[in-house]
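Report on one structure; see the data block that follows.
Along the sequence shown, the residues carry numbers beginning at 1.
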Amino acid sequence: MLKISTLLLAITACASAWAQQPAPTSPANPVSPITMLDDRYLNSIQLLQNRFRIDHEVDEITMLFFREYGTAPIVLVRPDGSKIFQSDNHPEGIEWYDDATYDMVKITRPMPGPWQAVGQMLPGSRVMVVSDVQLVAEPLPSLMFSGEIIKLKAHLTNAGKPIEYNEFRDVVELTVEFLSTNNPNFTNFGTDSQVVARYEDNGMGMDEYPNDGVFTGQFNLNITEGQWKPVYRVSTPMYTREEVKEPLVLHPNPVILSIQNDQGDGRHRLHIDVNRELVDINSLLVDGKIRYPNGDVQSFSITDSSAQVREHEILNIEYGVFRVKITAYGKTIDGRDFILDVPEFSFLSEEPELAALDSELSADAETLNNASESTASEASPLADVPVPVVVEEFSLPEEPKQNLLPMILVANSLLLVIGGVVIWLTLGRNKGAKSNGFKFKLAMPSIKLPTRKSKQKKDAEEEA
């Protein structure tokens, strides 16, 4: 009996001990026996009172110090106590770049041991060791069009780890450049390189949130269609990293615009179609503007979903050049949404009289050409006989004789005025001479007129 009681007490104790133990976890959610430490310093060295240590195995290090805006550059103190200033003439192996918010220092074969940074650095700032900064971006679509606008996201890594410094966006410049493959089978043969996108993390443009570590690139593919090679470039004040992607083909703009001129009802009809092998016509939306010849601008939109060609009527209220600029929205045949900037389309609206006259002149010219060709083709025995050319004499109309009376009156008036001035001057001089005791006598030439008697005598002499 005693043994049974002892056995029951042991079983009860074991059951109580088992009840106090935690329940076993399911295999689907096991408890890890290892607790990961904080990984904030994977891309940095913690500043202990602005001190940090450089290992003896480091051959080259590029450090980034963030400080208050507009403050003076920091000062670095080596383990032996010697200082490095930004304004110094640095020896070989030290490069320094300072900006309004940071200092970037590159040191070759740095002195191992504890270093110190002195300056107005940001609270909680750490030394960021820049080793291998890369841009990890979403891939470009396989089907793209000339004139398309594409939004893609990316983030930065340093030595394969995401960069968590929001201020780092002011240090790097992220661009995407397209290089022509110079393939003679494509339109862009011999075309210069084109910068098509810049990645930003400032909450502007297509970027959604500022300083969230997600960079947004807006690709403006308003370039020539053809075969291009994308180059992703990460530029810092110290170095530039490039990554060349596989070549891609940029297709021509798939939107097709045409016009049906006024047929007498006072309206032009704009037809909008697409390359249906590349674009789903049912998804096409259009938003555009029409500039009339007089400068007026009219906006229009087409949101109908159908498989038919889109049509928009334009009032023929003015004669001249009409200009149409549209933006197209839709989906490619593989289901990707796109935004497309379509090149400007223009057409001419002529007055009916001028258009009819032009058509008549064209018809007459064509008739004459046909007649001359038929005449030349026919054989004629008089083909070599020169055809006399009758030149019709004509004379230019005589110019009307000018009326000389006004000119004669003006000339006489001038003579009278000049004579009066001469007489006045002469009288004035005579008076001046008399006042001085001198006398002047004007000798006028005597003209002897023939008398009647002398004429008769002369006639008698001639008869004798």
Verify salt bridge (Lys or Arg N to Asp or Glu O under 4.0 Å) between Glu344 and Arg291, making sure each step is shown before the conclusion. CA-CA 11 Å; Glu344 185 180 81; Arg291 182 177 293 277; over 6 Å; no

Using ring-ring contact (aromatic ring centres under 6.0 Å, His included) as the criterion, point out the one residue from Phe347, Tyr319, Tyr292, Phe345 that pairs with His268. Phe347

With a cut-off of 6.0 Å (strictly less than), are more than 12 heavy atoms of other residues, nucleotides or ligands near NZ of Lys325? yes

Can you list the residues that meet the salt bridge (Lys or Arg N to Asp or Glu O under 4.0 Å) rule with Asp207, with sequence neighbours excluded? none

Between Phe178 and Phe219, what is the ring plane arrangement, given parallel below 30°, perpendicular above 60°, and tilted in between? tilted

Could you tell me which residues satisfy side-chain contact (heavy atoms from CB on, under 4.5 Å) with Pro114, sequence neighbours excluded, listed by chain and number? Arg53, Pro79

Let me have the donor-acceptor pairs involving side chains of residues 247-260, under 3.5 Å, with sequence neighbours excluded, atom names and distances please.
{"from": "Asn253", "atom 1": "OD1", "to": "Val255", "atom 2": "N", "distance (Å)": "3.2"}
{"from": "Asn253", "atom 1": "ND2", "to": "Ser146", "atom 2": "O", "distance (Å)": "3.3"}
{"from": "Asn253", "atom 1": "ND2", "to": "Asp341", "atom 2": "O", "distance (Å)": "3.4"}

Please step through side-chain contact (heavy atoms from CB on, under 4.5 Å) for the pair Thr236 and Tyr97, ending with a clear verdict. CA-CA 10 Å; Thr236 69; Tyr97 178 86; over 6 Å; no

Does the side-chain contact (heavy atoms from CB on, under 4.5 Å) test come out yes or no for Val244 and Lys229, once each step is laid out? CA-CA 7 Å; Val244 182; Lys229 185 184 299 181; 3.4 Å; yes

Using 0.5 Å steps for rounding, measure from the CD1 atom of Ile339 to the NZ atom of Lys151. 9.5 Å

Can you tell me how far apart OH (Tyr209) and CG (Asn211) are? Round to the nearest 0.5 Å. 14.0 Å

Report the relative orientation of the aromatic rings in Trp115 and Phe52; use parallel for angles under 30°, tilted for 30 to 60°, perpendicular for over 60°. parallel

Before you tell me yes or no, could you show the steps for Arg233 and Glu173 under salt bridge (Lys or Arg N to Asp or Glu O under 4.0 Å), namely the whole-Å CA-CA distance, both residues' side-chain angles and the distance that decides it to 0.1 Å? CA-CA 8 Å; Arg233 185 173 290 110; Glu173 182 180 6; over 6 Å; no

Would you please test Leu140 and Lys245 for side-chain contact (heavy atoms from CB on, under 4.5 Å) and show each step? CA-CA 10 Å; Leu140 288 167; Lys245 302 289 186 180; over 6 Å; no

One pair to check against side-chain contact (heavy atoms from CB on, under 4.5 Å): Phe168 and Asn158. What are the steps and the verdict? CA-CA 11 Å; Phe168 192 74; Asn158 183 32; over 6 Å; no

Just verifying a value: how many Å separate Thr181 OG1 and Trp228 CH2, rounded to the nearest 0.5 Å? 8.5 Å

